[in-house]
Amino acid sequence: MKKILVLTDFTANASHAAAAALRIAAKLDAGICLYHTLPYIPLIPIDSGGPYVAETANMLFEDSKERLIQEADKLREVSVMVMGHCLYIEERNGEGSLGDVIGDLTEEPDIEMVIMGGRSGGALEHLITGSNTAAVIRKARKPVLIIPMNAIVNVPEKVVFATDFGTSDIPAVSFLHNLAVRLGFDLDIVHIIPRNEVVTGIGAEVAFRNYLVRHELSYNQVQETDVHKGVQHYCEENSASLLAMSHGEHSFIARMFGHSESRAMIADQRLAVLVFPPGFK
């Protein structure tokens, strides 16, 4: 069975994201793996208080397991109330930072995607300022869906994929095309060009367009004075439920984050964002 890996820190934002994961998992006929990790606590020699530290670490780990069980039970209750049946939900906890463990977790073939909440501000803001989120994006092997607290938790009806014609965009579009069939959303692919920009290299665009033609897909090309604000305006004008982008050295996200003026727009972004990490193939 395919599963959605739902990261939790037991906050309200994490619970909000888990509620969205329930609806998406039900639509995909998938299960949920609810995961929490504790910071690594190094062992200390016994003459320096080792037993006390080890006992504290064990207590924290057991508390984490208990809270995970409680969260999983709540999700099962909600799934019965909302969907009319109980989804398969398992709970797992680990030790170490998310950046340390997310790579191995997302290498597992049954994990289809990752869902996590945002602590404050918009989802895109966390790719800049959220250390945990940034670590997950860098190390994950599967797409990561970041859901801000005030984002709508329903299954998306329209997904906008912002492309810069990078090589990583083709597997991302392939994933989204398949996901669109399964979830029933409209896929809107857009390339935003700053006004008066001179396009010099078209090789990547030709390859990308050829891929779209072969799969009976199309894209929109839009000129905007500011590419960063252009993304926000495009999503608003086209009633997007979710924004999707690749994250790599030459990706659209890299282009956005290379400009300090983009931070204000990113902080105001309230859409959920699906990010395809550098390790996604």
Side-chain angles (χ1 to χ4, degrees), residues 2-9 11 13-25 28 30-37 92 94 96-149 151 153 155-156 159-163 166 168-169 171-176 178-179 182-183 185 240-249 251-254 256-257 266 269-281:
K2 290 293 185 181
K3 302 172 191 172
I4 295 175
L5 178 64
V6 179
L7 306 179
T8 183
D9 57 3
T11 62
N13 293 343
S15 296
H16 180 73
L22 276 181
R23 291 170 170 81
I24 294 172
L28 293 175
I32 285 178
C33 176
L34 190 65
Y35 185 86
H36 174 69
T37 185
R92 294 171 60 181
S97 69
L98 281 173
D100 291 336
V101 301
I102 196 66
D104 288 340
L105 287 170
T106 51
E107 284 284 7
E108 297 178 12
D110 58 339
I111 298 298
E112 189 164 14
M113 63 189 300
V114 181
I115 293 182
M116 64 187 302
R119 285 189 171 84
S120 62
L124 286 179
E125 185 182 12
H126 294 281
L127 301 182
I128 296 177
T129 61
S131 58
N132 278 340
T133 308
V136 169
I137 295 300
R138 287 196 304 269
K139 302 291 185 63
R141 298 292 182 266
K142 302 291 171 59
V144 180
L145 177 57
I146 306 163
I147 303 179
M149 187 64 182
V153 297
V155 174
V159 174
V160 168
F161 179 71
T163 179
S168 60
D169 285 356
V173 170
S174 177
F175 179 93
L176 287 170
N178 176 269
L179 194 64
R182 298 166 66 197
L183 289 181
F185 61 75
S241 306
L242 187 151
L243 173 63
M245 293 184 289
S246 296
H247 191 11
E249 183 180 356
S251 67
F252 188 83
I253 287 181
M256 288 181 68
F257 288 6
I266 290 171
Q269 179 61 260
R270 292 297 182 264
L271 280 176
V273 178
L274 181 65
V275 181
F276 293 88
F280 177 74
K281 306 297 182 184

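All residue numbers refer to positions in the sequence shown, counting from 1. Values reported hereafter were calculated over all heavy atoms of this structure, with side chains retained and with hydrogens, waters and symmetry mates removed.
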> What are the two closest non-hydrogen atoms of Ala272 and Pro148, and how far apart are they?
CA-CD, 3.8 Å
> Quick one: pull up NZ in Lys142 and CD1 in Ile115 and give me the separation to the nearest 0.5 Å.
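CD1 of Ile115 is found 14.0 Å from NZ of Lys142.
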> Is a donor from one side chain sitting under 3.5 angstrom from an acceptor on the other, for Thr11 and Asn13?
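No, Asn13 and Thr11 have no side-chain donor paired with an acceptor closer than 3.5 Å.
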> Over all heavy atoms of both residues, which pair between Val144 and Met116 is shortest? Give the atoms and the distance, please.
CG1-SD, 4.0 Å
> Between atom OH of Tyr35 and atom CD1 of Ile102, what is the distance when rounded to the nearest 0.5 Å?
8.0 Å
> Less than 4.5 Å apart, side chain to side chain, heavy atoms only: is that true for Val159 and Leu274?
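No; the side chains remain at least 4.5 Å from each other.
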> From Asp169 CG over to Met245 CE, what is the distance, rounded to the nearest 0.5 angstrom?
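Rounded to the nearest 0.5 Å, the CG-CE separation comes to 10.5 Å.
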> If the condition is side-chain hydrogen bond (donor to acceptor under 3.5 Å, both in side chains), which residues does Asp110 pass it with, not counting sequence neighbours?
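With neighbours one apart ignored, the set is Lys3.
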> Short question: side chain of His247, backbone of Val275 - any donor-acceptor pair under 3.5 Å?
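Absent.
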> Do you know the tightest heavy-atom contact between Ala25 and Gly31?
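It is CB-O, 4.2 Å.
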> Find the distance between CD1 (Ile32) and CD1 (Ile24) and round it off to the nearest 0.5 Å.
9.0 Å
> Of Arg23, Glu112, Lys2, which meets side-chain contact (heavy atoms from CB on, under 4.5 Å) against Leu28?
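Answer to the side-chain contact (heavy atoms from CB on, under 4.5 Å) test with Leu28 among Arg23, Glu112, Lys2: Glu112.
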> Write down the atom of Asp9, the atom of Ala14, and the distance for their closest heavy-atom approach.
OD1-CB, 3.4 Å
> Let me confirm one number: the CG-CG distance from Leu7 to Leu34, rounded to the nearest 0.5 Å.
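Answer for the CG-CG pair, Leu7 versus Leu34, is 9.0 Å.
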> If you take all heavy atoms of Pro277 and Pro143, which pair is closest and at what distance?
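Shortest heavy-atom contact: CD-CA, 4.0 Å.
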> State, yes or no, whether a side-chain contact exists between Phe185 and Leu179 at a heavy-atom distance under 4.5 Å.
yes
> State whether the side chain of Ser246 and the backbone N or O of Phe276 hold a donor-acceptor pair below 3.5 Å, judged by distance alone.
no
> Taking atom CZ of Arg141 and atom CG of Leu105, what is their separation to the nearest 0.5 Å?
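So the gap between those two atoms works out to 11.5 Å.
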> Quick one, Glu108 with Leu5, criterion side chain to side chain contact (heavy atoms under 4.5 Å, CB included). Give me CA distance, side-chain angles, the key distance, then yes/no.
CA-CA 10 Å; Glu108 297 178 12; Leu5 178 64; over 6 Å; no
